[in-house]
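Notes to accompany the following structure.
Positions are given from 1, in the same order as the sequence printed here. What's counted below: heavy atoms across the whole structure, side chains too, no hydrogens, waters or symmetry copies.
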Amino acid sequence: MTQQPVSPPRDSITDKVPQDRPSAWRGLLARTDVRTLSLLGVLAVLILIGGITKPDEFLDTRNLQLVLTQASVIGVVTVGMTFVIVSGGIDLSVGAIVALASVWATTVATQEYGFAGILFTAVVVGVGCGLVNGVLIAYGAMVPFIATLAMLASARGLALQITDGKTQIVTVPSVLDLGERDAYVLGIPPLVLVFAVVTVIGWLVLNRTTFGRRTVAVGGNPEAARLAGIDVRRQRLYLYLLSGLCCGIAAFLLIVLSGSGQNTNGNLYELDAIAAAIIGGTLLTGGRGTITGSVLGVLIFTTITNIFALNNLQSDVQQIAKGAIIVAAVLVQRRTASTT
């Protein structure tokens, strides 16, 4: 009798992994592509509207450069905000931190140290404020909403005290020169290049590093992350430090853009950054987010602002439009979450 060859036993668990994993990844990529394409579609429609309503002004190269430059400041803040929201937190103090960093970096004493002194001060103030937020939230067990709200009030008050309500003019030529057209690289403003670098680094950190995976894990389920060996408190501290760092960089960009430091800088940046992250696909409950989506959200809001300004429309209508977009984005998120 011919003996039939016996196939080796197969592990049902290992057999399923290679079969299930590609389909799961395909589903994730499909959702990401749809979301990104949708945002690109919205941005394309806005560009079309701007081109139809004010073709000579909106499509002018200088206006497009202005849109990108304005998006750069809030965009850098939004990158940091995305990390915080992905972790399940919130930072209401980013606008106030930008204001405090900008006025502290433009005092007469600071400007005596030139370009390096202004940049160093802006970054250190931003990181310092982020450290306070992180310690209060991670080790003081304070709710992020309360801790960052307290920082918002304190930073705004300190910025007002430093300036005494006056605008601090920058007199350092090397800083002011960055905002001139002669400093553009292949027609691209330096501020936009900085924004691009921050975006690329943010994307790589969130999607290709252990730090990014820990951030997602903490936002998805803090207790499970702790049981998996992640130091949740330390991770949250690092995230608020990162947010503060982004605020410091944004403050320096704002100094270059405006040539001054004011206690009113960064007004409503926290709302714009949160809104941009939300419409970009970042869940307010944490556990999921995308730097690409957040950047597209920033570009959408900045384009809306530019179109409204060119058409002399009231700012209150602009805020209503932004509010409607935020509500629509949240509803889409809930619908997507319920179907997955």
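Judged by distance alone, with hydrogens and angles left aside, the side-chain atoms of Ser87 form a donor-acceptor pair with the main-chain N or O of Val84 at under 3.5 Å. Looking only at distances, a side-chain donor or acceptor of Arg156 sits under 3.5 Å from a matching main-chain atom of Asn263. Between the side chain of Asp164 and the backbone N or O of Lys166, no donor-acceptor pair lies under 3.5 Å. Between the side chain of Glu270 and the main chain of Ser93, no donor-acceptor pair closer than 3.5 Å is present. Side-chain N or O atoms of Ser72 include one that pairs as donor or acceptor with a backbone N or O of Leu68 at under 3.5 Å. At least one donor-acceptor pair under 3.5 Å links the side chain of Gln65 to the backbone N or O of Gly187. Of the possible donor and acceptor atoms, none in the side chain of Thr282 sits under 3.5 Å from a partner among the backbone N and O of Ile278. Side-chain atoms of Thr285 do not come within 3.5 Å of backbone N or O of Gly88 as any donor-acceptor pair.
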Show your reasoning for whether side chain to side chain contact (heavy atoms under 4.5 Å, CB included) applies to Asn63 and Leu59.
CA-CA 7 Å; Asn63 182 64; Leu59 297 178; over 6 Å; no

What do the steps show when you test Tyr113 against Ile118 for side chain to side chain contact (heavy atoms under 4.5 Å, CB included), and what is the final call?
CA-CA 7 Å; Tyr113 294 93; Ile118 293 176; over 6 Å; no

May I have the step-by-step check of side chain to side chain contact (heavy atoms under 4.5 Å, CB included) for Leu149 and Met151, ending in yes or no?
CA-CA 5 Å; Leu149 185 63; Met151 175 59 71; over 6 Å; no

Steps toward side chain to side chain contact (heavy atoms under 4.5 Å, CB included) verdict (Asp60, Glu57):
CA-CA 5 Å; Asp60 183 72; Glu57 299 175 32; 5.8 Å; no

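Residue Thr82 holds its OG1 atom at 10.0 Å from CG of Leu242, rounded to the nearest 0.5 Å. Within the model, atoms CZ of Phe83 and CG of Leu239 stand 8.0 Å from one another, a figure rounded to the nearest 0.5 Å. A distance of 9.0 Å separates OG1 in Thr303 from CG in Leu64, rounded to the nearest 0.5 Å. Taking OG1 of Thr36 as the start and CG of Leu40 as the end, the distance is 6.5 Å to the nearest 0.5 Å. Atom CH2 of Trp104 sits about 5.5 Å away from atom CG of Leu158, to the nearest 0.5 Å. Note: Thr290 OG1 to Trp203 CH2 = 9.0 Å, rounded to the nearest 0.5 Å.
Side-chain polar atoms of Thr305 and Thr302 form no donor-acceptor pair below 3.5 angstrom. For the residue pair Thr215/Gln235, the side-chain donor-acceptor check at 3.5 Å is satisfied. For the residue pair Gln111 / Thr106, no side-chain donor-acceptor distance below 3.5 Å is found, with atom types taken as modelled. Defined by atom type and a distance below 3.5 Å, a donor-acceptor pair is missing between the side-chain atoms of Thr78 and Ser294. Of the N and O atoms on the side chains of Asp91 and Thr148, not one donor lies less than 3.5 Å from an acceptor on the other residue.
Considering every non-hydrogen atom in both Met142 and Ile146, the closest pair reads CE-CG2, 3.8 Å. The two residues Tyr184 and Pro190 have their closest heavy-atom pair at CD1-CD, 3.8 Å. Annotation for Val256 and Gly179: closest pair CG1-N, 3.6 Å, computed over non-hydrogen atoms. Of all non-hydrogen atoms in Gly126 and Ile97, the two that sit nearest each other are CA-CG2, 3.8 Å. In terms of heavy-atom proximity, Ala225 sits nearest to Val232 at CB-CG2, 4.3 Å. Pairing each heavy atom of Leu176 with each of Val170, the nearest pair is CD1-O, 3.6 Å.
The shortest distance between side-chain heavy atoms of Ile74 and Phe301 does not fall below 4.5 Å. A 4.5 Å side-chain heavy-atom check between Asp231 and Arg233 finds at least one atom pair inside the cut-off. Proximity of Tyr240 to Val132: side-chain heavy atoms (C-beta onward) are nowhere separated by under 4.5 Å. Between Val77 and Val73 there is no side-chain heavy-atom pair separated by less than 4.5 Å. Considering only heavy atoms from C-beta on, Tyr139 comes within 4.5 Å of Leu237 through its side chain. Under the 4.5 Å side-chain criterion, counting only non-hydrogen atoms from C-beta, Ile291 is in contact with Thr199. Side-chain contact between Arg213 and Leu206: absent, with no pair of heavy atoms (C-beta onward) separated by less than 4.5 Å.
Linking Ile, Leu, Val, Met, Phe, Trp and Tyr whenever their side-chain heavy atoms come within less than 4.5 Å leaves Val218 and Val216 in two separate clusters. Taken together through direct or relayed side-chain contacts under 4.5 Å among Ile, Leu, Val, Met, Phe, Trp and Tyr, Val67 and Tyr269 form parts of separate hydrophobic clusters. Under a hydrophobic-cluster definition in which Ile, Leu, Val, Met, Phe, Trp and Tyr are linked whenever side-chain heavy atoms come within less than 4.5 Å, directly or via other members, Val127 and Val124 are assigned to different clusters. Residue Leu257 is grouped with residue Leu178 when hydrophobic side chains (ILVMFWY) are merged at heavy-atom distances under 4.5 angstrom, including chains of intermediate members. Residues Ile304 and Ile320 fall into different hydrophobic clusters, defined by Ile, Leu, Val, Met, Phe, Trp and Tyr side chains chained together at heavy-atom separations under 4.5 Å.
Taking a 6.0 Å sphere around CZ of Arg181, one finds it holds more than 12 heavy atoms contributed by other residues, nucleotides or ligands. Annotation for Phe120: atom CZ does not count as buried by contact number, only 12 or fewer foreign heavy atoms lying within 6.0 Å.
Taking the six-membered ring where tryptophan is involved, the planes of Phe115 and Phe252 are perpendicular, since the angle between them exceeds 60° and thus also 30°.
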